[in-house]
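Notes for the one structure printed next.
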Amino acid sequence: MQMPDRANGVRVLVIRLWIGCLAALVFAMVVVGGATRLTQSGLSIVEWKPVTGVIPPLSQADWQVEFDKYKTIPQYERVNRGMSLEEFKTIFWWEWSHRLLGRMIGAAFLLPFLWFLWRGWVDRRLGAALAGIFLLGGVQGAVGWWMVASGLTERVAVSQYRLAFHLTLACLIYAALVRTADRIGSPVPAAPPRRIGLGATALQVLVIVQIYLGALVAGLHAGLIYNTWPLIDGNLVPPPSSLLFDRPAWRNFFENPLTVQFDHRMVAYALVALALLHLADVFRTTECGRLRTGAGLLALFVCAQAMIGIITLVAAAPLALAMLHQAMALVVLTVATLHASHATIVAAPSPARRLASGY
């Protein structure tokens with residue numbers, strides 16, 4: 001193995017810090033997006049102006065123009081009719097901040113990335129991977145407007161289908177950034193048992209599935225009903241006549257609030273059980289401290305998230321608890337992503353590792 005020189009080490013550190021900062025910005029954007037949804041602010045800006053939209057209203061007349069635009073959509077007519085201009089400003093600033101974060105992420109990604117390419121700090125494969133993440137970010141911006149557009153004509157809220165897709169894509173981008181930052185410059189230890197890697201990957205995938213289901217719950221406002229635990233609608237397992245009454249049957253898994261919340265609960269139980277089983281398997285199979293720590297932290301945070309979810313549900317999803325629950329989901333995803341990255345190392349290092357390790 002050729003040891004990296006000091007200059008290469010500095011380059012690796014800079015790139016890791018850059019990607020880590022991007023991941024932190026995406027984390028913040030998901031949290032702000034959750035607050036935007038919870039405060040019913042997401043439809044306050046009814047136009048998509050990727051460039052000029054960065055400038056907020058600067059005068060009272062400008063504010064009145066934006067308010068008049070909002071008054072034309074069903075949410076104002078059916079939910080917020082009679083709200084004052086000052087109340088409108090509150091929801092406007094949430095949505096404007098969410099969109100501003102998206103623009104900041106785009107600039108913070110593209111400009112340094114082009115500079116790193118120009119300086120030759122990333123190889124072709126790592127550059128292609130980062131370019132792919134950037135393109136996903138561009139798609140995410142379009143998906144965000146696609147989501148908002150679903151609530152501007154007939155609905156008083158956005159489509160739960162589009163909301164769930166929007167949040168899940170954000171989480172995939174976030175996980176890709178976290179994994180990429182982790183793999184750059186890390187030492188390459190002995191490959192762990194294949195079963196451990198499969199278990200860690202399965203947990204990461206299940207966390208993302210659970211986030212998707214949580215977005216469906218949010219989109220249907222299903223967290224505001226069936227606010228008892230461990231019973232749901234008076235049963236541990238609701239009867240099929242309640243879970244699958246809609247036709248075709250598949251629609252119940254996306255449009256029936258009882259079914260969607262029940263699925264979210266069941267996946268939470270599965271995550272807790274699998275995280276604990278995986279922890280026991282890691283301690284029985286390997287003495288690697290990093291894997292043991294990762295499995296332990298993952299089990300701890302999964303259990304903590306389940307408890308926060310129960311408390312949030314029973315309290316009928318107050319703003320502070322609901323935001324904590326969404327932020328904690330990102331924390332769980334972070335731990336799951338890092339653990340899966342460590343548990344799926346193979347004998348040959350990835351291109352990102354070769355950049356830093358001189359392989």
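In this chain, residues are counted from 1 in sequence order.
Thr228 places none of its side-chain heavy atoms less than 4.5 Å from the side chain of Val314. Side-chain contact check for Thr180 versus Leu126: some heavy-atom pair is nearer than 4.5 Å. Residues Val237 and Phe262 form a side-chain contact, since some pair of their non-hydrogen atoms from C-beta on lies under 4.5 Å apart. Here the side chains of Arg119 and Arg11 are not in contact, with every heavy-atom distance at 4.5 Å or above. Within the 4.5 Å cutoff, side-chain heavy atoms of Ile311 are placed close to those of Leu321. Side-chain contact between Val272 and Tyr269 is absent, with no heavy-atom pair separated by less than 4.5 Å. Taking the side chain as every heavy atom from C-beta outward, Ile45 and Val148 never approach each other to under 4.5 Å. Residues Phe116 and Val14 are in side-chain contact: their nearest non-hydrogen atoms beyond the backbone lie under 4.5 Å apart.
For the residue pair Arg103 and Pro50, the shortest heavy atom distance occurs at NE-O, 2.7 Å. For Gln75 against Val156, the heavy-atom pair with the smallest separation is NE2-O, 3.1 Å. Contact detail for Ile73 and Leu43: the closest heavy-atom pair is CD1-O, 3.6 Å. Met83 and Tyr70 get closest at one heavy-atom pair: SD-CE2, 3.6 Å. When every heavy atom of Pro192 is checked against every heavy atom of Leu291, the shortest pair comes out as CB-CD1, 3.6 Å. The nearest pair of heavy atoms linking Arg265 to Pro230 is NH1-O, 3.5 Å.
No more than 12 heavy atoms of other residues, nucleotides or ligands shown are found within 6.0 angstrom of CE on Met307. By the neighbour-count criterion of 12 heavy atoms within 6.0 Å, atom CD1 of Ile55 is sparsely surrounded, having that number or fewer from other residues, nucleotides or ligands.
With hydrogens and angles ignored, the 3.5 Å screen pairs no side-chain donor or acceptor of Tyr161 with any backbone N or O of Leu216.
Note on Trp229 and Val217: same hydrophobic cluster, where clusters join Ile, Leu, Val, Met, Phe, Trp and Tyr whose side-chain heavy atoms are under 4.5 Å apart, directly or indirectly.
Looking only at atom types and distance, the side chain of Ser150 has no donor-acceptor partner in the side chain of Arg155 under 3.5 Å away. A donor atom on one side chain and an acceptor atom on the other are found under 3.5 Å apart for Gln204 and Thr337.
Expressed to the nearest 0.5 Å, how far CG of Leu279 lies from CG of Leu203 amounts to 10.5 Å.
In this pair, Trp48 and Trp145 present their aromatic rings parallel. The plane angle is below 30°, not in the 30 to 60° band. The aromatic rings of Phe88 and Phe67 lie parallel to each other, with less than 30° between the two planes, well short of the 60° mark. The aromatic rings of Phe113 and Trp18 lie parallel to each other, their planes meeting at an angle below 30°, with 60° marking the opposite boundary.
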CA sep, side-chain torsions, deciding dist, call: Ile173, Leu177, side-chain contact (heavy atoms from CB on, under 4.5 Å): CA-CA 6 Å; Ile173 293 170; Leu177 289 169; 4.3 Å; yes
Go through it in stages, so that I can follow the logic: the residues are Asp182 and Arg179, the test is salt bridge (Lys or Arg N to Asp or Glu O under 4.0 Å), and I'd like the CA-CA distance, side-chain angles, deciding distance and then a yes or no. CA-CA 5 Å; Asp182 177 66; Arg179 184 181 178 95; over 6 Å; no
Run the side-chain contact (heavy atoms from CB on, under 4.5 Å) check on Ile308 and Leu324 step by step: do they pass? CA-CA 8 Å; Ile308 292 171; Leu324 175 62; 4.2 Å; yes
Apply side-chain contact (heavy atoms from CB on, under 4.5 Å) to residues His339 and Leu297 and explain how you reach the verdict. CA-CA 9 Å; His339 181 56; Leu297 287 174; over 6 Å; no
